[in-house]
Amino acid sequence: MVMFCNRLNKTTLISAVKRTCGLPCALTLSNLSPLLFSTDTLSEVEQMVGNSDKHITRVLFCGPYFAASHQYTKEYLQKYPFIQVDDVPFAVVPDVISNYNICIVKNMQLTSNIISRATQMKLIMQFGVGLEGVDIDAATKYGIKVARIPGDATGNAASCAEMAIYLMLGLLRKQNEMQISIKQKRLGEPAGETLLGKTVFIMGFGNIGIDLAKRLRPFGVKIIATKRSWALHSEGSLQSDGFLIENGTNDNLVDEKGSHEDIYKFAGVSDIVVCCLSMNKETAGIVNKSFISSMKKGSLLVNIARGGLLDYDAVVHHLESGHLGGLGIDVAWTEPFDPDDPILKFNNVIISPHVAGVTEHSYRFMSKVVGDVALQLHSGNPLTGIEIVN
């Protein structure tokens with residue numbers, strides 16, 4: 001296994017490897033990368049390098065997934081040699097987390113045990129919004145701040161909203177059946193449906209829900225939404241994305257508003273249900289057998305939030321019975337998604353690999369936020385562009 005460090009001092013790294021591995025003096029950085037080291041050897045090298053420079057701020061990205069996150073962050077910080085960015089395999093994180101000052105959790109579960117090892121950690125943050133994988137109480141106990149990157153300013157919410165519409169249109173126009181028609185050289189099939197005239201239920205009217213409603217308006221749909229609190233929007237009448245919000249609120253985007261207690265009623269009158277909820281103890285498995293049974297027969301279910309919001313068995317049951325007209329998900333119960341999962345046998349199921357927020361626009365912006373936070377932490381300045389939750 002090889003760990004690639006971003007900006008380690010070349011001379012220090014080579015010397016450490018030579019001493020640890022007994023390698024010849026002719027070793028250079030150009031022929032170092034193909035070597036495979038054991039975890040023990042790698043740890044010794046890291047310790048030597050870590051001890052050689054006390055003025056490096058180290059950023060840890062957990063796991064290989066969502067690769068653009070660490071790639072773009074490294075690019076943004078390439079002119080700052082005192083910031084080191086590493087992407088580390090999940091299995092190695094517990095053994096090396098003590099060497100880092102900032103942790104970008106991505107889809108790793110940061111338990112209390114792992115956090116207790118983060119002796120130099122100042123900040124745990126998500127490359128996005130969801131923090132359900134972080135034991136926030138444990139981080140607080142050990143004096144570590146936990147933060148997310150608000151999606152309204154970064155373009156993440158807009159990107160997710162666009163993906164929701166993509167999935168809706170794919171289901172309405174029968175994307176999978178179109179591919180069958182192409183393979184069978186058939187024209188004019190299948191007959192699809194339009195968004196025009198449909199009732200769309202946005203379950204969870206946060207930043208993604210708001211951006212989704214803005215973009216759905218031109219399609220001629222009725223928008224209903226639920227939210228725990230319908231407080232006035234705090235910003236001015238003209239949003240940063242150019243959408244006009246009357247009287248400083250988002251009320252004009254929604255034809256009918258409801259609270260959490262109204263989700264069954266709203267599901268019963270909707271053609272499409274879109275899950276935009278945060279994942280927590282209260283919302284886990286909220287789209288269960290009772291909820292889907294309350295939906296109109298033949299209606300569509302779209303999820304661009306978190307896979308755990310949906311009860312897998314309930315979804316499969318209602319697809320098999322025909323009650324559920326289609327399923328479009330960007331997030332799954334287990335990730336990466338099993339390509340042999342029997343749910344893929346249905347032609348009215350569309351699955352994408354958790355890419356709703358993965359766009360050049362949003363990822364470049366969030367990489368800048370992470371990079372700026374690393375620079376601010378290094379220089380002792382206040383952290384900006386993030387929302388600290390503890």
Side-chain angles (χ1 to χ4, degrees), residues 128-130 150-152 155-172 193-233 235 239 241 243-246 249-280 282-284 286-288 291-292 294-296 299-310 315 324-331 350 352 356-357:
V129 178
D152 55 342
N156 183 66
S159 298
C160 291
E162 290 180 4
M163 176 60 75
I165 294 175
Y166 166 84
L167 292 171
M168 289 185 224
L169 292 173
L171 292 172
L172 288 167
E193 297 184 55
T194 67
L195 263 175
L196 178 65
K198 297 292 189 294
T199 297
V200 179
F201 171 23
I202 301 176
M203 188 162 62
F205 202 68
N207 289 326
I208 294 175
I210 291 169
D211 272 15
L212 177 57
K214 293 173 184 177
R215 286 156 179 78
L216 280 175
R217 269 288 170 227
F219 284 94
V221 301
K222 179 181 179 180
I223 299 173
I224 62 178
T226 53
K227 186 178 182 179
R228 292 193 180 279
S229 174
W230 288 91
L232 294 179
H233 200 281
E235 298 183 15
Q239 304 297 290
D241 55 13
F243 284 91
L244 183 64
I245 305 299
E246 296 176 1
T249 74
N250 292 296
D251 290 6
N252 63 305
L253 295 173
V254 180
D255 297 299
E256 185 177 353
K257 297 183 295 182
S259 65
H260 179 70
E261 289 70 28
D262 297 312
I263 62 173
Y264 286 85
K265 180 180 76 173
F266 279 23
V269 297
S270 302
D271 301 295
I272 305 170
V273 175
V274 186
C275 295
C276 300
L277 292 166
S278 299
M279 179 73 176
N280 53 50
E282 296 179 358
T283 60
I286 193 171
V287 180
N288 53 23
F291 180 88
I292 302 176
S294 72
M295 294 172 61
K296 287 171 60 175
S299 57
L300 308 178
L301 177 60
V302 172
N303 185 13
I304 43 86
R306 285 293 185 265
L309 297 171
L310 275 56
V315 171
L324 190 58
L327 174 71
I329 58 174
D330 181 62
V331 288
I350 300 176
S352 54

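Side chains of E193 and K198 form a contact here, defined as non-hydrogen atoms less than 4.5 Å apart.
Atoms SG and OH, from C160 and Y166 in turn, are 15.0 Å apart once rounded to the nearest 0.5 Å. Here the CE-CD1 distance, from M168 to I350, works out to 12.0 Å after rounding to the nearest 0.5 Å. With rounding to the nearest 0.5 angstrom, the CE atom of M295 is 9.5 Å from the CG atom of D271. Here the CG atom belonging to L169 is positioned 5.0 Å from the CZ atom belonging to F219, to the nearest 0.5 angstrom. Interatomic distance, CG of L277 versus CD1 of I202, reported as 11.5 Å (0.5 Å rounding).
When all heavy atoms of L301 and L171 are compared, the closest pair comes out as O-CD1, 4.3 Å. Closest approach of V331 to I304, counting heavy atoms only: CG2-C, 4.4 Å. The shortest heavy-atom contact between W230 and A225 is CZ2-O, 3.5 Å. The shortest heavy-atom contact between C276 and L212 is SG-CD2, 4.3 Å. The two residues S270 and K296 come nearest to each other via the heavy atoms O-CD, 3.2 Å. Nearest heavy atoms, C275 versus V287: SG-CG2, 3.7 Å.
Note: F291 and F201 have tilted aromatic rings, judged against thresholds of 30 and 60 degrees for the angle between ring planes.
For E261, there are no salt bridge (charged side-chain N to carboxylate O under 4.0 Å, His left out) partners, not counting sequence neighbours.
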### Steps toward side-chain contact (heavy atoms from CB on, under 4.5 Å) verdict (L327, L310)
CA-CA 11 Å; L327 174 71; L310 275 56; 4.0 Å; yes

### Query
When you look at K265 and V269, which way does the side-chain contact (heavy atoms from CB on, under 4.5 Å) test go after all the steps?
CA-CA 7 Å; K265 180 180 76 173; V269 297; 5.7 Å; no

### Task
Let me see the working for V273 and S299 under side-chain contact (heavy atoms from CB on, under 4.5 Å), right down to the final yes or no.
CA-CA 8 Å; V273 175; S299 57; 5.6 Å; no

### Task
Take M203 and L309 through the side-chain contact (heavy atoms from CB on, under 4.5 Å) test and state the conclusion after the steps.
CA-CA 11 Å; M203 188 162 62; L309 297 171; over 6 Å; no

### Message
As a quick check of understanding, evaluate side-chain hydrogen bond (donor to acceptor under 3.5 Å, both in side chains) for N280 and T283, giving each step before the final call.
### Response
CA-CA 5 Å; N280 53 50; T283 60; 3.3 Å; yes

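Put simply, the side chain of D211 never gets that close to the backbone of I208: no donor and acceptor are under 3.5 Å apart. Of the possible polar contacts, one joining the N303 side chain to the R306 backbone as a donor-acceptor pair under 3.5 Å is found. Under a 3.5 Å cut-off, the side chain of D255 and the backbone N or O of I223 do form a donor-acceptor pair. Panel note: side chain R217, backbone L253; a donor-acceptor pair is recorded below 3.5 Å. Not one N or O on the side chain of N156 forms a donor-acceptor pair closer than 3.5 Å with the backbone of G151.
When the options V200, V274, I272 are evaluated for a side chain to side chain contact (heavy atoms under 4.5 Å, CB included) with L216, the one that passes is V200.
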